[in-house]
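What follows is one structure encoded as structure tokens, with my remarks underneath.
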2 protein chains.
Amino acid sequence: MVGMMTPATRMTAEERRADVLRVAVAQFAKHGYQGTSTEDVARAAGISQPYLFKMFPTKKTLFLALVQHGFARVREAFVEAVGDAAGDEALERMGEAYGELLRDRDELLLQMQAYAACDDPEIGATTRREFGRLWREVAAISGVDDERLQQFFAMGMLMNVLAAMDAQSHPSQWVKACIPPAWLAAPRSATG
Amino acid sequence: MVGMMTPATRMTAEERRADVLRVAVAQFAKHGYQGTSTEDVARAAGISQPYLFKMFPTKKTLFLALVQHGFARVREAFVEAVGDAAGDEALERMGEAYGELLRDRDELLLQMQAYAACDDPEIGATTRREFGRLWREVAAISGVDDERLQQFFAMGMLMNVLAAMDAQSHPSQWVKACIPPAWLAAPRSATG
DNA sequence: CAAGGTAGTGAGTCATCACTCACTATGGTT
DNA sequence: AACCATAGTGAGTGATGACTCACTACCTTG
């Protein structure tokens, strides 16, 4: 009764959980798995740290939930964007959709943090599994060959890295060269 | 004089520093900037933690030195590999050289950790600067156009991510599809 | 051999972190 | 109105982390 923090407006556990997930992305995206404290996440979500641990038994559980959620969002965005297209056109639309996702850098940065934390067995396993699902899904939807798939994903990874470096906010000579206007489209000419 | 640790065989500061740098790469590559403790690095290098701080005034200084050193190694490897080639052939040789570097996953993983830690202003600035230098150097040496350069770097980033996920040690359907055979076993040939 | 610079350390300090325990407040149901 | 499941918290705890201070051992040079 004394200095008790106003118990953040009461929500159902589900609502609160969704809230936490939404807010936690930003933290983990910026500071990484090890660099983010559960205290920070709790504060950002407007709840106490002990309650965070009631929803997610460990910090890792929370992080893994975020990773799965993030990859799932990418898959959903791809499915929706492609519609009934196929082949190169499907790839192109997925590329555009990925560009849209870039609006919210946090989602992509979280992916980077997941890759970077793969030394941890559980994080590694989850990340590989999710990456594999995404790969297979893109393969199935587009139906293009492996070389093209590879180019598609390679471009995605480059965008992730550029996002991580926040290249867009630090313009310089090379940035203009490596973020061309056509950065959304799949490469038109095959290597050769 | 009681339980004093055998003072690791005496070296010049330079030798020791080089030793530390060599050993520290593995630690930071695996566990990231935040996930690596100076204690771990010191132990791995066979010196006491206070002495580590005499050579590198802060943990960040050490990490930044590693990042610069890593990028420099890539640049040197590229220059050496290209020889007097130019254009697409130069790119191809650099690609092979990058494959060689992949032998030692740690170097590439450290790059990933640098990208992931870019939220820190100093790390971000250094990483962008080094990436930019690499980009310009590859551009200058090869002389190819931006689109091709972009594809080259994109493929490199995909390799980095696959290395981070340790895809090669966790074979599955998609791994075979996304790892270019030439990079899987790069016995320094196949200039075709 | 005396002296001093330098390689190297033991034993802290203070902050932070993941996680816990015991507790309180709230609202829907009977 | 009384009950109770569940949302939510204050105040820890033991471990660990970056970094410091005061010190010791070693080697080179005059």
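Computed from a predicted structure; not experimentally measured.
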Legend entry - Main-chain N/O of B/Ala163 paired to B/Gln168 side chain as donor or acceptor, under 3.5 Å: no
Legend entry - Residue A/Lys54, side-chain heavy atoms: nucleotide from C/dA7, D/dT6, C/dC23 that is nearest: C/dC23
Inset, instruction - Can you figure out which of C/dC17, D/dA11, D/dA18 approaches the side chain of A/Ser37 most closely? - result: C/dC17
Legend entry - Interface with DNA chain C, restricted to residues 58-67 of chain A and to heavy atoms under 4.0 Å: A/Thr58, A/Lys59
Legend entry - Heavy-atom donor-acceptor pair, A/Lys30 side chain to A/Thr36 backbone, under 3.5 Å: no
Inset, instruction - Ignoring the backbone of A/Thr38, work out which of D/dT20, C/dA18, D/dA22 is nearest its side chain. - result: C/dA18
Legend entry - Under 4.0 angstrom between B/Arg16 side-chain N/O and C/dG8 OP1 or OP2: yes
Inset, instruction - Find out if a path of hydrophobic residues (ILVMFWY) with successive side-chain heavy-atom gaps under 4.5 Å connects A/Leu108 to A/Tyr115. - result: yes
Legend entry - Ionic contact status for A/Arg73 with A/Glu76, cut-off 4.0 Å: no
Legend entry - Pair B/Lys176 + A/Asp146, salt bridge at N-O below 4.0 Å: no
Inset, instruction - Return yes if some donor-acceptor pair links the side-chain N/O of B/Arg136 with the main-chain N/O of A/Trp174 below 3.5 Å, else return no. - result: no
Legend entry - Nearest-nucleotide pick for B/Met11, side chain only, options being D/dA18, C/dG27, C/dG8: C/dG8
Legend entry - Main-chain N/O of A/Asp88 paired with A/Arg148 side-chain donor or acceptor, under 3.5 Å: no
Legend entry - Whole-Å distance separating the CZ atom of B/Phe53 from the P atom of D/dA22: 18 Å
Inset, instruction - Kindly calculate the angle separating the two end axes of the helix from C/dC1-D/dG30 to C/dT30-D/dA1, each obtained from five base pairs, and round it to 10 degrees. - result: 10°
Legend entry - Among D/dA22, C/dT20, D/dG8, the one nearest A/Gln49 by side-chain distance: C/dT20
Inset, instruction - When you get a sec, tell me which of C/dT26, C/dT9, C/dC21 is the closest nucleotide to the side chain of A/Pro50? - result: C/dC21
Legend entry - Student check: side-chain heavy atoms of B/Arg10 and B/Arg16 closer than 4.5 Å: no
Legend entry - d(CD, B/Glu15; C1', C/dT6) in whole Å: 14 Å
Inset, instruction - Return each pair, listed once, that meets ring pair (Phe, Tyr, Trp, His ring centres under 6.0 Å) where at least one residue sits in residues 35-58 of chain B; pairs must be two or more places apart or across chains. - result: none
